[in-house]
A.B. asks: 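Here you go, one structure.
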2 protein chains.
Amino acid sequence: MKGERTRQVILDHAVNLASVEGLEGLTIGRLASELKMSKSGLFAHFGSKEELQLAAIEAASFRFIDVVVMPALKKPRGYPRLVALCKSWLNYVQHSVFPGGCFFAAASFEFDGRPGIVRDAVAKQMSDWMGALERAIRMARDEGHIDPKVEPAQLAFELNAFFFGANFSFNLQHDKKAFERAKKAITRRLEGIRISHAETRKRRGS
Amino acid sequence: MKGERTRQVILDHAVNLASVEGLEGLTIGRLASELKMSKSGLFAHFGSKEELQLAAIEAASFRFIDVVVMPALKKPRGYPRLVALCKSWLNYVQHSVFPGGCFFAAASFEFDGRPGIVRDAVAKQMSDWMGALERAIRMARDEGHIDPKVEPAQLAFELNAFFFGANFSFNLQHDKKAFERAKKAITRRLEGIRISHAETRKRRGS
DNA sequence: CCTACCGATCGGTAGG
DNA sequence: CCTACCGATCGGTAGG
């Protein structure tokens, strides 16, 4: 129906605006005027600013999954998928999928000092993402592609830190070497724990 | 004089408030009511919200230098000072020197998608900090404490990413292992490029 | 989805 | 440093 389509148009714009102005800086008045709607007409779709924020977080997560996670899932599980996930994250920031930089990095640092259900929703999205990253690492380990002593949560922490670092260097510092640096850091870390094909076969005893 | 003292009290509070609510979320009205001053009396110290934001950034930088940079400078240049800098950064977040988490990490992600002089001031503070980190690395290299092939800017990028990662895990995720993870990541990276005392003497030909 | 409105708060000013 | 304001905008409501 039409109401649902309008809602999607609103949310798409809300997500872009929030990535620049923050989830608190996102205002119903500005959103309405940019979309040439009345404030109350737009407001009626959500019922409160908090609901709008929660809906924006959900919409941003769909976009993130679409652009970062899904393409990587086409790669075979193990080392190739893990590398694909890292590459598509860096691409996602490089192509400014959200105009103000990574929506979730911004939201994480905006809400990390405040309580509330918006913060909880941001934290949930981030731990879902860290969980996905961890699973990709665990699979690579179970496939015998990386050192079995690797702790998935530790490596996920480090990779995510490099992603945040790339987002920071690129968007705040406008450093052209941001992605080169992040790639170098990630590659060194992953190559350091990689097990060669020959070694993988040997370990499997095949 | 008394005006200057009042100004410091205001800025001290402004910095704390901004670390939680963001530099845009910092409002003159709330600041005034928490300090039991009139809005206009407080306002007169700065002349505009933008000037208040710039003054808060400067005050935050003094606090940061005091707590993170100065103590590390007491250590001998080279590897010990580099390690001290990393440790005091993690301590700084662990002890919540700013109640809402690292002021500069928050400000970086808040302003990374917007133009203006506040953004420029945040970017300047961050590149000053990255510069200090780079210098500490370069000294360690020049002292023969770490592999001469290390690129200071690359390593500074990586260490800073781990700091942001620790801030994220600790403040948003309330992960008790945040600092353990960051320490492990930093230690592995630094130990990997470290040159032993014996080796340092040999390379110097002494 | 709209117009018309509400009280509260925003940054900022006048005048002292 | 204050009181007393200003226009603009905030989130939200009434009624259609």
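Lettering of chains follows the sequences in order, A, B, ..., and the numbering in each one begins at 1.
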A.B. asks: Is the distance between the ring centroids of A:F98 and A:F64 less than 6.0 Å?
C.D. replies: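 Here the rings of A:F64 and A:F98 have centres that are no less than 6.0 Å from each other.
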A.B. asks: To the nearest angstrom, how far is B:L23 atom CG from C:dG11 atom P?
C.D. replies: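 Value for this atom pair: 13 Å.
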A.B. asks: Over how many whole Å does the gap from A:E21 atom CD to D:dC10 atom C1' extend?
C.D. replies: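 In whole Å, D:dC10 C1' and A:E21 CD are 15 Å from each other.
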A.B. asks: Between C1' on D:dT3 and CE on B:M37, what's the gap in Å once rounded to a whole number?
C.D. replies: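 Those two atoms, CE and C1', are 14 Å apart.
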A.B. asks: Of the options C:dC10, D:dG12, D:dC2, whose atoms approach the side-chain atoms of A:K39 most closely?
C.D. replies: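 Nearest to the side chain of A:K39 among the choices is D:dG12.
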A.B. asks: Any donor-acceptor pair, under 3.5 Å, between the side chain of B:T27 and the base of C:dT9, if you only look at N and O atoms?
C.D. replies: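 Side chain to base: no pair present.
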A.B. asks: Look through every strand shown and name the nucleotide pairing with C:dC6 as Watson-Crick or G-U wobble, where both distances are under 3.5 Å.
C.D. replies: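 Base partner found: D:dG11.
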A.B. asks: Grab the CG-P distance between A:L17 and D:dC10 for me, whole Å please.
C.D. replies: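 Result: 11 Å.
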A.B. asks: Could you check B:K176, B:K184, B:K183 and say which one makes a side-chain contact (heavy atoms from CB on, under 4.5 Å) with B:E180?
C.D. replies: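 The side-chain contact (heavy atoms from CB on, under 4.5 Å) with B:E180 is passed solely by B:K184 among B:K176, B:K184, B:K183.
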A.B. asks: Just how far, in rounded Å, is P of C:dT3 from CG of A:L42?
C.D. replies: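 Atom-to-atom, A:L42 to C:dT3, this comes out as 13 Å.
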A.B. asks: Rounded to the nearest 0.5 Å, what's the gap from CD1 on A:I137 to CG on A:L155? Could you check?
C.D. replies: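 Output value for this atom pair is 4.0 Å.
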A.B. asks: Measure CD/A:E34 against P/D:dT9 and give the value in whole Å, please.
C.D. replies: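 That distance rounds to 13 Å.
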A.B. asks: Can you tell me the pairing partner of D:dG16 across any strand shown, Watson-Crick or G-U wobble, with both distances under 3.5 angstrom?
C.D. replies: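 Base partner found: C:dC1.
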A.B. asks: Base, sugar-phosphate, or nothing: which does B:L26 touch, judged by heavy atoms less than 4.0 Å apart?
C.D. replies: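 Contact class for B:L26: sugar-phosphate only.
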A.B. asks: For A:K36 and C:dC2, what is the distance between atoms NZ and C1' respectively, to the nearest whole Å?
C.D. replies: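 That distance rounds to 18 Å.
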A.B. asks: Could you tell me the separation between the CD1 atom of B:I28 and the P atom of C:dG11, rounded to a whole number of Å?
C.D. replies: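 The distance from CD1 of B:I28 to P of C:dG11 comes to 5 Å, rounded to the nearest Å.
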A.B. asks: Side chain of A:F43 only, please: which of D:dG12, C:dG12, C:dC2 is the nearest?
C.D. replies: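 The listed nucleotide nearest to A:F43's side chain is D:dG12.
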A.B. asks: Among C:dC2, C:dG12, D:dG11, which nucleotide sits nearest the side chain of B:K49?
C.D. replies: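 The listed nucleotide nearest to B:K49's side chain is C:dG12.
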A.B. asks: Given the ring of A:F103, does A:R63 sit roughly above its face, with NZ or CZ under 6.0 Å from the centre of the six-membered ring and within 45° of the axis?
C.D. replies: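 No, A:R63 does not sit over the ring of A:F103.
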A.B. asks: Heavy atoms from C-beta onward define the side chain here; which of C:dC10, D:dG12, C:dT3 lies closest to that of B:R30?
C.D. replies: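 Nearest to the side chain of B:R30 among the choices is C:dC10.
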A.B. asks: Out of curiosity, A:M139 CE to A:H145 NE2, how far, rounded to the nearest 0.5 Å?
C.D. replies: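 That separation rounds to 12.0 Å.
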